[in-house]
Number of protein chains: 2
Amino acid sequence: MVAATQSLQELCINSIRFLAIDAVEKANSGHPGLPMGAAPMAFVLWDRYMRYNPKNPTWLNRDRFVLSAGHGCMLQYALLHLTGYDSVPIEEIKQFRQWGSKTPGHPENHETPGIEVTTGPLGQGIANAVGLALAEAHLAAKFNKPDCKIVDHYTYAILGDGCNMEGISGEACSLAGHWGLGKLIALYDDNHISIDGSTDLAFTEDVGKRFEAYGWHVQHVEQGNDDLDAISKAIEAAKAVTDRPSLIKVTTIIGFGSPNKANSHDVHGSALGADEVKATRENLGWEYPEFEVPADALKHFRKAVERGAAYEQEWNELFAQYKSKYPEDAALLERMKSGKLPDGWEKALPTYTPEDKKNATRNHSGIVLNALAGVLPELIGGSADLAPSNKTLLKSSGDFQKDAYENRNLRFGVREHGMGAICNGIALHGSGLIPYGATFLVFTDYMRNAIRLSALSEAGVIWVMTHDSIALGEDGPTHQPVEHVASLRAIPNLAVFRPADGNETSGAYKVAVENRHSPTLLALSRQGLPNLTGSSIEGTEKGAYVLSDDGGTPDLILMGTGSETQLCVDAAVELRKEGKKVRVVSMPCWELFEAQDEAYKESVLPKAVKKRVSVEAGTTFGWSRYVGDEGVSIGVDRFGASAPLGALLEKFGFTVDNVVAKAKAVLA
Amino acid sequence: MVAATQSLQELCINSIRFLAIDAVEKANSGHPGLPMGAAPMAFVLWDRYMRYNPKNPTWLNRDRFVLSAGHGCMLQYALLHLTGYDSVPIEEIKQFRQWGSKTPGHPENHETPGIEVTTGPLGQGIANAVGLALAEAHLAAKFNKPDCKIVDHYTYAILGDGCNMEGISGEACSLAGHWGLGKLIALYDDNHISIDGSTDLAFTEDVGKRFEAYGWHVQHVEQGNDDLDAISKAIEAAKAVTDRPSLIKVTTIIGFGSPNKANSHDVHGSALGADEVKATRENLGWEYPEFEVPADALKHFRKAVERGAAYEQEWNELFAQYKSKYPEDAALLERMKSGKLPDGWEKALPTYTPEDKKNATRNHSGIVLNALAGVLPELIGGSADLAPSNKTLLKSSGDFQKDAYENRNLRFGVREHGMGAICNGIALHGSGLIPYGATFLVFTDYMRNAIRLSALSEAGVIWVMTHDSIALGEDGPTHQPVEHVASLRAIPNLAVFRPADGNETSGAYKVAVENRHSPTLLALSRQGLPNLTGSSIEGTEKGAYVLSDDGGTPDLILMGTGSETQLCVDAAVELRKEGKKVRVVSMPCWELFEAQDEAYKESVLPKAVKKRVSVEAGTTFGWSRYVGDEGVSIGVDRFGASAPLGALLEKFGFTVDNVVAKAKAVLA
């Protein structure tokens with residue numbers, strides 16, 4: 001039954017609107033305004049243009065869709081439900097924002113098949129979309145043949161005013177323009193309303209002109225509420241422009257259809273309320289009870305299932321051809337897609353003995369990355385304009401640039417936050433790429449939400465953070481991380497490594513590469529460090545391990561990470577001269593150590609040994625857990641200072657003498 | 001002596017260059033490239049336009065100068081030295097980047113009089129400059145009279161490619177354009193080089209067009225290395241445009257004068273090396289030994305002292321007139337400038353009894369802010385588009401907007417990082433303004449470097465962070481802070497409060513307002529909380545205090561913060577029923593508690609009492625310090641989930657029953 005007054009298209013669009021309205025109303029929580037206003041553009045996109053297979057959300061060549069304005073997630077859940085994704089049956093719509101549902105308050109890719117990336121924190125999604133488009137461009141350049149375009153899809157995003165106000169979107173979109181990512185098409189839901197009220201309050205810039213300055217193709221659909229043809233034409237024009245990303249500004253009314261709340265911030269983040277839901281039903285001529293989708297609309301939407309199966313089938317046939325013509329490439333793509341690492345890849349990891357020369361762990365990292373580049377063609381990444389300092393350039397590859405998408409060195413410019421979200425997008429493209437992003441450790445502050453989202457959304461990104469303590473020297477306190485290692489350890493689902501030498505750097509990378517569904521962060525030294533006796537990849541994989549011991553129950557445990565582990569080793573030598581039984585424990589990764597069984601933990605840090613000293617050139621915050629009631633921590637509980645390395649280590653107490661003195665005080 | 005081949009201007013400009021070259025060479029560390037390229041624009045600005053008094057760096061009406069590209073700090077130190085600031089004698093130039101010097105590796109306002117803000121992390125400085133210009137605009141609107149413009153100065157900034165790549169600069173500059181801050185003039189050192197190499201690698205957008213999109217007046221000086229008149233004309237044109245901020249793109253050659261390293265990234269961040277220093281001297285016809293400034297150049301520069309004294313004298317006379325005509329305004333401005341708070345201001349802080357109704361601490365915060373607005377005219381601030389949620393609107397004021405600079409409600413839009421740096425700029429304007437900035441606690445991630453810099457640079461900002469735990473409910477894990485309170489506690493010099501009720505919120509604000517040289521962060525609940533028996537402003541000021549006790553040595557200490565303190569109170573009631581002697585300790589601010597003397601700390605948390613339980617709806621990271629070897633912490637060591645408040649508290653164990661159970665286990 002099609003209501004006499006509604007075309008099939010209107011029926012479909014209103015189906016989206018009322019699923020959103022009803023779900024938010026039932027939860028008495030959520031954001032109805034965006035779905036109500038953006039339903040027309042979303043309908044046109046999902047119905048006429050996007051290629052996806054609801055029955056196989058992980059089909060490699062699907063178009064990617066990102067709702068950067070993640071608070072409008074009911075738009076996305078409605079689309080997933082209507083087009084036939086198994087992850088979102090009507091029961092899940094009814095469970096919107098409830099414990100254990102597949103329809104949480106913002107879209108989460110790890111919870112809901114069909115959701116590509118986790119959004120909500122504004123601006124992240126559009127930056128993820130740049131990463132998805134980058135991944136497509138890279139894989140296309142890498143795998144496609146003149147007669148066989150095996151990777152060929154679009155990345156679409158809907159973003160809002162909030163996304164466009166955030167700096168991260170500017171960073172990522174400037175890069176997208178620089179890279180000329182022509183298959184990235186972003187629809188800007190220009191509804192003029194944010195939480196504080198009209199965008200006149202704080203957002204009066206010319207967004208279109210700004211995107212033109214970034215090198216984007218920019219269009220404007222003035223009647224985004226009803227001019228579906230204009231939306232269609234704009235999408236077609238955007239697809240026709242292949243050398244630049246496209247922004248389509250679609251002017252809409254937030255909460256379209258609500259007679260008393262549309263075009264106001266009241267409709268942004270709260271349920272409409274029973275009266276207004278009723279009034280909206282009347283206003284839009286919607287006769288259906290809550291959560292009921294008219295059969296004609298559902299039937300129309302569900303054509304996506306058949307369409308999607310055909311798309312995938314067509315692609316499968318293409319891939320079969322590809323496989324017969326290019327078996328090696330096909331095998332590589334299949335392996336990457338499976339998430340399986342090549343057999344024996346870890347043999348590329350270098351190991352060291354104490355005779356090997358002193359080196360900074362950032363240099364070890366550079367050596368590892370270059371070694372892995374040879375065995376892991378899926379490795380791709382770069383630095384936020386610190387490649388020479390972060391040691392992240394892959395010598396075997398050129399730069400990923402407009403006419404060289406096959407290359408693996410990404411040049412992010414000074415855009416840490418954009419880099420972070422782009423790396424997340426690359427990881428979540430689901431094609432097996434292993435992205436890494438690098439900057440100075442202190443500038444994790446600029447990209448912290450992207451790091452957090454890599455952990456939350458189970459993105460296997462490798463974060464390469466160099467210059468990991470005051471020991472970076474003269475650049476001074478603005479550049480010296482103090483609280484950063486601790487504050488990163490506090491993030492759930494993130495493995496934070498501070499390796500002590502070459503073997504531990506290799507061990508950290510072994511874990512990082514194997515962590516395909518969680519991120520790993522490496523804190524690496526600027527200064528040279530000796531290769532320690534007893535250090536190993538295997539020990540590093542356990543998070544903490546005994547580096548040296550005198551047998552029996554130790555009098556004292558010295559614990560260190562990274563560049564301070566050597567101080568523990570040297571202090572132990574001194575203390576042993578005085579007859580003390582000393583154990584030295586290297587603790588490169590707390591999270592992994594905590595994941596070991598109790599027996600192992602007890603074997604490394606026996607509860608009975610209460611005399612403990614930790615040494616780490618960062619805040620002591622958090623170390624109480626390991627030094628316990630009778631131990632002490634040597635650290636940096638103030639901001640650093642600008643001075644040469646030697647002066648800093650002396651002034652801040654990172655000397656063997658000070659470790660020995662503190663140890664004796666503990667033993668006394 | 002003026003070298004035959006050099007005009008006095010060239011001599012002055014080269015004096016800047018060679019102080020930078022020589023200082024970096026002696027330190028064998030630093031960034032010579034920017035000072036060498038930007039010396040001409042800096043000379044023109046400081047010599048012809050800027051109004052400052054080297055002998056009184058805190059003169060209220062001075063023009064402010066910000067080197068946003070802070071790595072080029074030798075430019076600024078050279079200018080301070082040459083123009084006669086006492087803080088930078090030639091000995092300090094020679095001590096560049098050494099322990100204890102006034103010339104650290106990046107500019108630090110708290111170390112070096114004459115430096116306005118701390119820069120180095122890119123983009124922060126230009127955003128600080130927006131804050132400085134905002135402060136000027138606000139004070140001018142507040143204090144100036146038609147016959148007496150007592151506040152009337154410019155804010156100048158030099159920023160580089162790196163600053164322009166960072167999203168934070170886009171956020172702040174979009175706001176500056178929106179606000180029409182016409183007395184903000186930014187010189188963009190367009191030298192085409194960043195650390196990775198040419199900006200062609202990653203930065204090909206049209207920066208000028210982008211700033212036009214923000215509503216800025218944009219000019220281009222093509223020959224920034226030698227066309228001083230063009231620089232002058234551009235500055236004059238910028239000053240003539242009073243309704244918009246100005247960007248002057250000045251195209252320069254990085255490392256100008258170095259025959260072999262100019263225009264390359266080699267000159268960006270390393271000493272030139274002895275040979276190249278020599279070659280540069282020859283190339284620029286510089287016959288002076290290291291650190292020697294030609295007498296004529298020094299004499300010319302030092303005219304700034306006399307000029308500055310005259311500027312200030314003129315202003316003092318104006319202020320004397322102002323004072324006689326407008327004594328109340330003058331008294332207020334003088335009080336504000338002195339940093340002294342009005343007598344009895346703290347009486348405006350509300351207090352509560354347990355009979356007062358339950359309320360969220362974010363609401364208490366809103367009540368306090370509005371109460372303080374009446375007694376503290378220096379209070380100014382707002383939210384990053386969450387005013388209705390953060391409860392930050394001052395009802396007694398309108399919005400700070402283009403034609404209403406006298407108002408105190410700042411509408412930052414969804415721009416947390418820009419907000420942070422703008423607030424820092426307001427605080428560091430040195431005029432006594434007390435800025436506050438607000439968002440959801442989880443989005444401190446977006447502005448963390450600005451929060452860090454408030455702590456490092458001793459800026460008395462109040463950070464108002466609401467929705468402080470999983471208890472925010474349905475918005476889910478993207479919006480639920482878990483690790484944030486811990487990770488903020490790890491930042492040195494930042495007081496982090498998590499108040500439990502109305503009295504503690506008042507106490508937190510008492511500290512925050514009195515902290516005029518360090519920032520304070522408040523983590524506030526979304527949900528309603530009871531007013532607790534025994535809570536007090538005085539207790540809160542000590543960081544932690546005994547809320548209830550049974551006398552004698554307790555069997556158990558229950559410790560809580562914020563919304564979980566009530567659980568400790570209620571659990572104590574249950575445990576006492578079973579004959580346990582229980583102490584309840586409220587710990588709203590760890591940093592303040594640590595600052596108390598040992599006797600007080602022992603009186604609250606006696607070392608002998610080992611049975612301890614902490615309850616906080618965030619990561620347990622860091623709590624070992626207080627619960628010790630035998631205690632346990634109830635917290636959230638995973639990401640949150642989307643569900644209603646009640647379900648979340650139950651599932652995550654924030655119930656009286658669970659606290660009682662854990663306490664019994666500890667006691668067992």
Side-chain angles (χ1 to χ4, degrees), chain A residues 29 97-99 104-106 120-122 162 165-168 170-171 174 177-178 194-196 201-206 209-210 213-214 385-387 411 413-415 417 445-446 448-449 452 456 474-478 483 486-487 490-492 619 621-622 624-625 628-629 638-639 642-643 647, chain B residues 29 97-99 104-106 120-122 162 165-168 170-171 174 177-178 194-196 201-206 209-210 213-214 385-387 411 413-415 417 445-446 448-449 452 456 474-478 483 486-487 490-492 619 621-622 624-625 628-629 638-639 642-643 647:
Chain A
S29 173
R97 295 189 151 217
Q98 304 307 302
W99 181 267
H106 291 83
L122 292 171
M165 285 191 254
E166 291 284 8
I168 183 176
E171 293 179 11
S174 177
H178 170 77
S194 65
I195 293 176
D196 271 15
L201 285 174
F203 189 50
T204 50
E205 62 168 65
D206 182 338
K209 185 171 178 177
R210 173 156 64 88
Y214 294 145
D385 195 45
L386 288 170
R411 301 284 194 170
V414 192
R415 303 181 182 97
H417 207 177
D445 280 355
Y446 272 65
R448 202 170 150 89
N449 197 253
R452 179 177 214 257
L456 174 60
E474 291 90 343
D475 271 349
T478 55
E483 70 278 20
S487 73
I491 297 178
T619 179
F621 192 90
S624 297
R625 172 169 198 164
D629 291 354
R638 47 159 284 194
F639 288 110
S642 173
Chain B
S29 172
R97 295 189 150 217
Q98 304 307 302
W99 181 267
H106 290 83
L122 292 171
M165 285 190 253
E166 291 284 7
I168 182 177
E171 293 179 12
S174 177
H178 170 78
S194 66
I195 291 176
D196 272 13
L201 285 174
F203 190 50
T204 50
E205 62 168 64
D206 183 339
K209 185 171 179 177
R210 172 156 63 89
Y214 293 145
D385 194 47
L386 288 170
R411 300 285 194 167
V414 192
R415 303 181 183 97
H417 206 177
D445 280 354
Y446 272 65
R448 201 169 152 91
N449 196 253
R452 178 177 214 255
L456 175 60
E474 291 90 341
D475 271 348
T478 55
E483 70 278 21
S487 74
I491 297 178
T619 177
F621 193 91
S624 297
R625 175 170 195 161
D629 290 353
R638 48 160 283 193
F639 289 111
S642 174

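Chain naming here is simple, since letters A, B, ... match the order of the sequence lines and numbering starts at 1 in each.
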*Asks:* Are the side chain of B/Tyr446 and the backbone N or O of A/Ile168 linked by a donor-acceptor pair below 3.5 Å?
*Replies:* no
*Asks:* Is it the case that the side chain of B/His417 and the backbone of A/Glu166 share a donor-acceptor pair, with hydrogens and angles ignored and the cut-off at 3.5 Å?
*Replies:* no
*Asks:* If you count heavy-atom pairs within less than 4.5 Å of chain B, which of A/Gly120, A/Ala643, A/Pro492, A/Ser29 leads?
*Replies:* A/Pro492
*Asks:* With sequence neighbours excluded, what pairs up with B/Asp206 under the salt bridge (charged side-chain N to carboxylate O under 4.0 Å, His left out) test?
*Replies:* none
*Asks:* I'd like to know which of B/Glu205, B/Lys209, B/His178 tops the heavy-atom pair count under 4.5 Å against chain A.
*Replies:* B/His178
*Asks:* In terms of heavy-atom pairs under 4.5 Å, which option from A/Ala647, A/Ser624, A/Gly622 contacts chain B the most?
*Replies:* A/Ser624
*Asks:* Using a 4.5 angstrom heavy-atom cutoff, name the option from B/Arg638, B/Arg415, B/Arg625 with the most pairs to chain A.
*Replies:* B/Arg415
*Asks:* Please enumerate all residues that pass side chain to side chain donor-acceptor pair (under 3.5 Å) together with B/Glu474, with sequence neighbours excluded.
*Replies:* none
*Asks:* Looking at B/Glu171 and A/Gly167, what are the two nearest heavy atoms and their distance?
*Replies:* OE2-N, 2.6 Å
*Asks:* Search all heavy atoms of A/Gly628 against all heavy atoms of B/Asp629 and return the closest pair with its distance.
*Replies:* CA-OD1, 3.2 Å
*Asks:* Between chain A and each of B/Ser174, B/Gly170, B/Gly476, count heavy-atom pairs under 4.5 Å; write down the option with the most.
*Replies:* B/Ser174
*Asks:* Testing the basics here: between B/Leu201 and A/Arg411, what is the closest heavy-atom pair and its distance to 0.1 Å?
*Replies:* O-CB, 3.8 Å
*Asks:* Hey, could you give me the CZ/OG distance between A/Arg448 and B/Ser487, rounded to the nearest 0.5 Å?
*Replies:* 4.0 Å
*Asks:* Under 3.5 Å, side chain of B/Asn449 to main-chain N/O of A/Asp445, donor-acceptor pair present?
*Replies:* no
*Asks:* I need the minimum non-hydrogen distance between A/Gly105 and B/Ser642, along with the two atoms involved.
*Replies:* N-OG, 2.9 Å
*Asks:* Which heavy atom of A/Ser194 sits nearest a heavy atom of B/Asp385, and at what distance?
*Replies:* OG-OD1, 2.8 Å
*Asks:* For the atom pair CZ (A/Arg97) and CG (B/Asp475), what is the distance rounded to the nearest 0.5 Å?
*Replies:* 4.5 Å
*Asks:* Taking all atoms of both residues into account, what is the closest heavy-atom pair of B/Gly413 and A/Ala202, and its distance?
*Replies:* N-CB, 3.6 Å
